[in-house]
Amino acid sequence: MAPVLALVGATGAVGGVMIDIMNNRPAFPWGEVRLIASARSAGKKMTVRGQELTVVEISPEAFDGVDVAMFDVPDEISARWAPIAAERGAVAVDNSGAFRMDADVPLVVPEVNLDKVAERPRGIISNPNCTTLSMMAAVGALHRKFQLTELVVASYQAASGAGQGGIDRLYAELEAVAGKHVGNRAGDVAEALEAAGLPAADSPFPAPLAMNVVPWAGSLKEDGWASEELKVRNEARKIMGIPDLKVSATCVRVPVVTTHSLAVHATFANPVTVAQAHEVFDAQPSVVLVDDPANLKFPTPADVVGGDPTYVGRVRQALDFPNTLDFFVCGDNLRKGAALNTYEIAEALIG
C-alpha cells in the first residue's frame, strides 16, 4: 500500500509553498495526502496533484494511518502535536524550532547528514532554521573535502522570515514611503509610517524595514546575542557533527520579501583554492554556481526567489586568513529554507 503523508499547517505561508512543491514534483510516491490545520482553517479546499482536498482539524485521530507527518506550524503547536503524531505511528518531520536542539531528535539536511534520519528515538526529525539551512548545502560540500574548523557569517534575511506578518508589514511600509521622497535621517521613515497609520508598536521588526536594514532577528539572549544568531551557531554544529566548531553570526533583516542571503567566511583544516571550491560547488546537484566577477555575475535574492537550489557566488581566497574562503550564498527561505528540506526528508523516509 502506498504511504500516507500528512501536512500540518497546510493553510500557512510555508504550507502553501509545500503544496506547490508537491504539485510540481516529477514523481509522487504518496497514496494519500492529508491536509491538517487549526479549527479556524478546517473545511477549506486545497488542490494537490489535481485532487481537491478538504483541510481537517488537527486531532489525535487525524494522524491515524499516517506514515509521515510534516509540521509547518509555530513552535508551541509542534511541541504539543508532533509527539502525538509519533505516538499514532507517524514519523513527524518538524519545521519549527521546538526540537532542533533535542539530543534525541536528529537535525537533518539531506545533502549533509541524511543518514541521521534513522536515528530518531522520539519518532521526530527536525528541520533547521531557514538561515542556517540556506548555507548548509554549500558549506557541507566544502567540509567533506577540506574539513571546516571556523565559520563567520553575516546574514541578510528577508521579511518573510518573520512570517506572513513580516511580509505584510514590508509591503505596507513600502507603499507608505513610495514616491514621497522620504529622507534618510533618523526618524524620517518612522514619521512617514506613523502618518500612514503604521505605528512602530504594530511591527514585527524593531525598526522600519523600508529604506533601511535592521541588525536584529529574533529575541534577545545572553550577552546581547539575538536568538537567530545563536541558532546559526548551535544548528551548524549539530548538522555538521562538529560540537566544537567555532561559529559567529550577525543576523540582519533587509527589505527583501523572500530569499535569505549570507556572506560566509569559512576556514578549513586543509588548504583550499577558489578553483577547488568551484569544482566542489559544480559537483553538487542542489548548488548553482554563479561566479563571474569580470562580468559582475553573482546571485541576488531577486534572481533566486522561487527556485529550489542554493546559489553561490563571490568566491574569494580570504585576505590575510590561511585556508579560508569568502563567498556569498542565496536561498529561497520558504522553499529550501523550509518546505523543500522538510519534503525531501519525508521522501527519504519512504525510500
Please report the shortest heavy-atom distance between Ala69 and Ala85, naming the atom on each side. CB-CB, 4.3 Å
For Asp202 and Leu198, indicate whether the former's side chain and the latter's backbone hold a donor-acceptor pair under 3.5 Å. no
Under 4.5 Å between any side-chain heavy atoms of Val254 and Gln157, yes or no? no
Do the charged groups of Lys336 and Asp308 touch, with an N to O distance under 4.0 Å? no
Under 4.5 Å between side-chain heavy atoms, hopping through other hydrophobics if needed: is there a path connecting Val91 to Leu35? yes
Using a 3.5 Å distance criterion without hydrogens, assess whether the side chain of Trp216 forms a donor-acceptor pair with backbone atoms of Gly218. yes
Name of the residue among Leu262, Leu142, Asp291 meeting side-chain contact (heavy atoms from CB on, under 4.5 Å) with Phe327: Leu142
Looking at Glu229 and Lys221, is there a salt bridge between them, counting it only when a charged N and a carboxylate O are closer than 4.0 Å? no
Say whether, by atom type as modelled, one donor and one acceptor occur between the side chain of Asn270 and the main chain of Phe146 under 3.5 angstrom. yes
Answer with yes or no whether the side chains of Ser286 and Glu111 bring together a donor and an acceptor at under 3.5 Å. yes
Taking a hydrophobic cluster as the set of Ile, Leu, Val, Met, Phe, Trp and Tyr residues connected by side-chain heavy atoms closer than 4.5 Å, whether directly or through intermediates, do Val17 and Met46 fall within one such cluster? yes
Between Asp20 and Arg335, is there a side-chain N and carboxylate O pair less than 4.0 Å apart? yes
In sequence, state the C-alpha distance, the side-chain angles, and the governing distance for Ser160 and Asn333, and then conclude on side chain to side chain donor-acceptor pair (under 3.5 Å). CA-CA 8 Å; Ser160 55; Asn333 56 297; 2.9 Å; yes
Ring centres under 6.0 Å, that's the criterion: do Phe328 and Tyr311 meet it? no
Rounded distance [0.5 Å steps], OG1 in Thr132 versus CD1 in Ile239: 6.0 Å
Same cluster (ILVMFWY, side-chain, under 4.5 Å), Val272 and Val287: yes
Over all heavy atoms of both residues, which pair between Val66 and Ala6 is shortest? Give the atoms and the distance, please. CG1-CB, 3.7 Å
salt_bridge(Asp326, Arg316) N-O dist < 4.0 Å: no
Quick one about Glu57 and Ser59 (side-chain donor to acceptor, distance below 3.5 Å, no hydrogens or angles considered), yes or no? no
Quick check: does any side chain N or O of Asn113 sit under 3.5 Å from a backbone N or O of Val109, one acting as donor and the other as acceptor? yes
Lys45-Thr54 side chain donor-acceptor pair, cut-off 3.5 Å: yes
pair Phe28-Met22: side-chain heavy atoms closer than 4.5 Å: yes
Crowded around Arg237 CZ? As in, over 12 foreign heavy atoms under 6.0 Å? yes
What's the verdict on side-chain contact (heavy atoms from CB on, under 4.5 Å) for Val315 and Val312, showing C-alpha distance, side-chain angles and the deciding distance? CA-CA 8 Å; Val315 185; Val312 181; 4.1 Å; yes
Using modelled atom types only, decide if a donor and an acceptor are shared between the side chain of Thr324 and the backbone of Pro322 within a distance under 3.5 Å. yes
Would you check if Glu173 and Asn212 make a side-chain contact, meaning some heavy-atom pair closer than 4.5 Å? no
Any idea which heavy atoms bring Cys130 and His260 closest together, and the distance? SG-NE2, 3.2 Å
When you group the ILVMFWY residues by side-chain heavy-atom contacts below 4.5 Å and let the links chain together, are Ile242 and Leu114 in the same group? no
Show the numbers, then the answer: is there a side-chain contact (heavy atoms from CB on, under 4.5 Å) between Glu32 and Leu5? CA-CA 6 Å; Glu32 177 191 346; Leu5 176 70; over 6 Å; no
Within a strict 4.5 Å, meaning less than it, do heavy atoms of the Val117 and Leu349 side chains meet? yes
Go through the steps for Leu133 and Asn127 under the test side-chain contact (heavy atoms from CB on, under 4.5 Å), then give the verdict. CA-CA 8 Å; Leu133 190 47; Asn127 198 55; 4.0 Å; yes
Taking the side chain as C-beta and beyond, is there a heavy-atom pair between Val177 and Leu193 under 4.5 Å? yes
Would you say the side chains of Asp292 and Asn295 form a donor-acceptor pair under 3.5 Å? yes
Drop me the distance from Leu7's CG to Ile36's CD1, to the nearest 0.5 angstrom. 8.0 Å
Which pair of heavy atoms, one from Asn341 and one from Pro110, lies closest together, and at what distance? OD1-CD, 3.1 Å
Considering non-hydrogen atoms only, spot the tightest contact between Met135 and Val232 and give its length. CE-CG1, 3.8 Å
Going by an N to O cut-off under 4.0 Å, is there a salt bridge joining Lys238 and Glu235? no
Distance-only donor-acceptor check, side chains Asp75 and Ser78, under 3.5 Å: no
Using side-chain heavy atoms (C-beta onward) and a distance below 4.5 Å, is Thr131 in contact with Lys231? no
Do Val105 and Arg100 touch side chain to side chain, with heavy atoms closer than 4.5 Å? no
Compute the centroid of each ring, for Phe268 and then for His143, and state whether the two points are separated by less than 6.0 Å. no
Can you hop from Ile58 to Met18 via hydrophobic side chains spaced under 4.5 Å? no
Heavy-atom closest pair, residues Ala346 and Val68: CB-CG1, 3.7 Å
Measure the shortest side-chain to side-chain distance between Trp225 and Ser248 over non-hydrogen atoms and say whether it is less than 4.5 angstrom. yes
Going through the distances and angles, do Arg88 and Asp64 end up as a salt bridge (Lys or Arg N to Asp or Glu O under 4.0 Å)? CA-CA 6 Å; Arg88 307 294 278 211; Asp64 288 346; 2.8 Å; yes
Decide yes or no on side-chain contact (heavy atoms from CB on, under 4.5 Å) for Arg49 and Trp30, but give the supporting numbers first. CA-CA 11 Å; Arg49 307 294 286 199; Trp30 309 100; over 6 Å; no
Thinking salt bridges, do Lys180 and Glu175 make one under a 4.0 Å N-O criterion? no
